Amino acid sequence: MTRVTLDPDTARRLRDGMARGVLSFPLTSFHDDGTLDPDGFRAHVAAQIATGPGALFPACGTGEFFSLDEDEYRQVVTIAVEEAGGRLPVVAGTGYGWAQAVRFARIAEEAGADALLVLPHYLVAAPQDGLVAQLEQIAARTRLPLIAYQRGQVAFGVDAFRRVAEIPGVIGLKDGHSDLDRLQRLTLAAPEGFLFFNGASTAEIQARAYATVGVPAYSSAVHAFAPEIANAFFTALRDGDDGAVEKLLRDFYVPLVELRDRVPGYAVSLVKAAARLRGRPVGPVRAPLTDPSTADLADLERLLASGLDLVGADL
């Protein structure tokens, strides 16, 4: 199958964005009845862009890709592209098996996305050859460049990674395993210019460690509800202000992770709840996720107010 020629500018724009700011993974807005709220999502994305992220990743894990149908996905990616207006790259999520991933990829192409983040496939474990073949099948059927995402049941060994990096159109890897030994081996095996970024849950916790193996860029779920905190951390880390980094880690990020770990799914549910606490029009999560309990929500509100105070912002 003949592939359409890729835009060589996309990798450069992403690289420049990763050096400039955190990577924004916007939440998908729903009404209280669970239906998509396009106007709320547009407002949320516009607010995210105004705070200067390096790139925008709509309809990914934090954006509840797994709960969107194809029409909703089209609306979400289209709105993100419209709001970005070419000012920053838009990387849409795709996933499941390759056949379904390609359906979403084609929608993202039509909507004007710049690239795709290939989320871990659904349910089954797979050998290394299968992980490579999954990306080969998607890449052969889209003109958009791909960023692979290793997390959960997807973990590339060095030999498989070399094959992945040779696939025309695969330009990067998001890592969610935090196995720095393995990640160092992958970065050393990568071709020049290949993109890497830290995609661990609450990535700021491990941002300094990732930077030591040559992966300073990271995604930030906190940016979705408190860009003031996320940007303050990014600036402190970039400028080598260890005191500010450690204060934010100790007094905000570590307590946030402890709260997040109380209930499965809180990595998304707490982020949405925190955004609602700040008046953002993001609505509830969709099942199988659940919104935080009253007690956890109260703890979140106290922590959020404290974290914003650390950076001179208000709830």
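Note that the numbering runs from 1 along the sequence shown for the chain. In what follows, every heavy atom counts, from backbone to side chain, and hydrogens, waters and symmetry copies are set aside. What you see is a predicted model, and the numbers here were worked out from it, not measured in a lab.
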Colleague: Do R276 and R280 come within less than 4.5 Å of each other through their side chains, counting heavy atoms only?
Modeller: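 Not touching, per the 4.5 Å side-chain cut-off.
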
Colleague: Before we go on, tell me: are the rings of F197 and Y149 under 6.0 Å apart, centre to centre?
Modeller: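 Ring centres of Y149 and F197 not closer than 6.0 Å.
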
Colleague: Can you confirm whether the side chains of Q100 and E70 place a donor and an acceptor under 3.5 Å from each other?
Modeller: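 On atom types as modelled, these side chains qualify, holding a pair under 3.5 Å.
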
Colleague: Under 3.5 Å, is there a donor-acceptor pair between the side chain of S29 and the main chain of P281?
Modeller: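 Present.
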
Colleague: Within the 4.5 Å heavy-atom criterion, are T51 and E228 side-chain neighbours or not?
Modeller: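 No, their side chains stay 4.5 Å or more apart.
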
Colleague: If two hydrophobic side chains count as joined below 4.5 Å and joins carry through other members, does V282 share a cluster with V76?
Modeller: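 No, V282 does not connect to V76 through the hydrophobic network.
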
Colleague: Find out if a path of hydrophobic residues (ILVMFWY) with successive side-chain heavy-atom gaps under 4.5 Å connects L23 to L14.
Modeller: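 L23 clusters together with L14.
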
Colleague: For R163 and D129, run salt bridge (charged side-chain N to carboxylate O under 4.0 Å, His left out): C-alpha distance rounded to whole Å, both residues' side-chain angles, the deciding distance at 0.1 Å, then the answer.
Modeller: CA-CA 9 Å; R163 293 164 58 196; D129 286 349; 2.8 Å; yes

Colleague: Does D69 CG have over 12 foreign heavy atoms under 6.0 Å away?
Modeller: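 Enclosed: over 12 neighbouring heavy atoms sit under 6.0 Å from CG of D69.
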
Colleague: Testing the 3.5 Å rule here: is there a donor-acceptor pair between the side chains of T187 and Q184?
Modeller: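 Distance-only check passes for T187 and Q184.
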
Colleague: Checking side-chain polar atoms at under 3.5 Å, does S293 have a donor or acceptor matched by the opposite partner on D296?
Modeller: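 There is such a pair between these side chains.
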
Colleague: Would you sort out whether R302 and D299 count as a salt bridge (charged side-chain N to carboxylate O under 4.0 Å, His left out), showing the intermediate values?
Modeller: CA-CA 5 Å; R302 285 190 290 270; D299 288 344; 2.2 Å; yes

Colleague: When you group the ILVMFWY residues by side-chain heavy-atom contacts below 4.5 Å and let the links chain together, are F225 and I49 in the same group?
Modeller: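 No.
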
Colleague: Quick one: do V22 and F57 end up in the same hydrophobic cluster if we chain Ile, Leu, Val, Met, Phe, Trp and Tyr together by side-chain heavy atoms under 4.5 Å apart?
Modeller: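 Cluster IDs for V22 and F57 differ.
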
Colleague: Is it the case that the side chain of Q150 and the backbone of F156 share a donor-acceptor pair, with hydrogens and angles ignored and the cut-off at 3.5 Å?
Modeller: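 Indeed, once roles are kept as given, a pair shorter than 3.5 Å links the two residues.
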
Colleague: Let me see the working for E246 and R208 under salt bridge (charged side-chain N to carboxylate O under 4.0 Å, His left out), right down to the final yes or no.
Modeller: CA-CA 10 Å; E246 288 165 10; R208 288 193 293 189; 3.2 Å; yes

Colleague: Donor-acceptor pair, distance only, cut-off 3.5 Å: does the side chain of Q134 make one with the backbone of W98?
Modeller: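 Yes; at least one donor-acceptor contact below 3.5 Å.
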
Colleague: Would the distance check show the side chain of T94 and the main-chain N or O of A101 forming a donor-acceptor pair, the cut-off being under 3.5 Å?
Modeller: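 Such a contact is found between T94 side chain and A101 backbone.
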
Colleague: Can you tell if the side chain of N231 reaches within under 4.5 Å of the side chain of H223, non-hydrogen atoms only?
Modeller: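 Yes, close enough: below the 4.5 Å cut-off.
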
Colleague: Any side-chain heavy atom of L303 within less than 4.5 Å of one from L256?
Modeller: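 Contact flag for L303/L256 side chains = yes.
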
Colleague: Which heavy-atom pair separates L289 from S269 by the least distance, and what is that distance?
Modeller: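 Shortest heavy-atom separation between L289 and S269 comes out as CB-OG, 4.0 Å.
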
Colleague: What verdict does the salt bridge (charged side-chain N to carboxylate O under 4.0 Å, His left out) test give for R74 and D71, after you've listed the backbone C-alpha separation in whole Å, the side-chain angles of each residue and the deciding distance to 0.1 Å?
Modeller: CA-CA 5 Å; R74 184 184 302 276; D71 180 63; 5.1 Å; no

Colleague: When the aromatic ring centroids of F41 and F30 are compared, is their separation below 6.0 Å?
Modeller: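 Ring centres of F30 and F41 not closer than 6.0 Å.
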
Colleague: Is a donor from one side chain sitting under 3.5 angstrom from an acceptor on the other, for T142 and R106?
Modeller: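 R106 and T142 do not have a side-chain donor-acceptor pair below 3.5 Å.
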
Colleague: Tell me the closest heavy-atom pair linking F234 and R20, and the distance in Å.
Modeller: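 Minimum heavy-atom contact is CE2-O, 3.4 Å.
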
Colleague: Using atom types as modelled and distance alone, determine if a side-chain donor or acceptor of D175 lies under 3.5 Å from a backbone N or O of S178.
Modeller: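 Side chain of D175 to backbone of S178: a pair is present.
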
Colleague: Verify whether one side chain among T28 and E64 offers a donor that lies under 3.5 Å from an acceptor in the other.
Modeller: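 Checked: T28/E64 side chains show no N/O donor-acceptor pair below 3.5 Å.
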
Colleague: Can you classify the ring geometry of F65 versus Y73 as parallel (below 30°), tilted (30 to 60°) or perpendicular (above 60°)?
Modeller: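 Ring orientation, 0 to 90° scale: perpendicular.
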
Colleague: How about R103: does its CZ atom have over 12 heavy atoms from other parts shown lying under 6.0 Å from it?
Modeller: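 Not more than 12 within 6.0 Å, no.
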
Colleague: Looking at H44 and L27, would you say the former's side chain and the latter's main chain have a donor-acceptor pair under 3.5 Å?
Modeller: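 Flag set: sc H44 to bb L27 pair under 3.5 Å.
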
Colleague: As a quick check of understanding, evaluate ring-ring contact (aromatic ring centres under 6.0 Å, His included) for Y218 and F196, giving each step before the final call.
Modeller: CA-CA 9 Å; Y218 61 90; F196 288 89; over 10 Å; no

Colleague: Using a distance-only test with no angle check, is there a side-chain donor-acceptor pair under 3.5 angstrom linking S201 and R151?
Modeller: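 Short answer, yes.
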
Colleague: Do I167 and L195 share a hydrophobic cluster (ILVMFWY, side-chain heavy atoms under 4.5 Å, transitive)?
Modeller: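 Both belong to a single hydrophobic cluster.
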
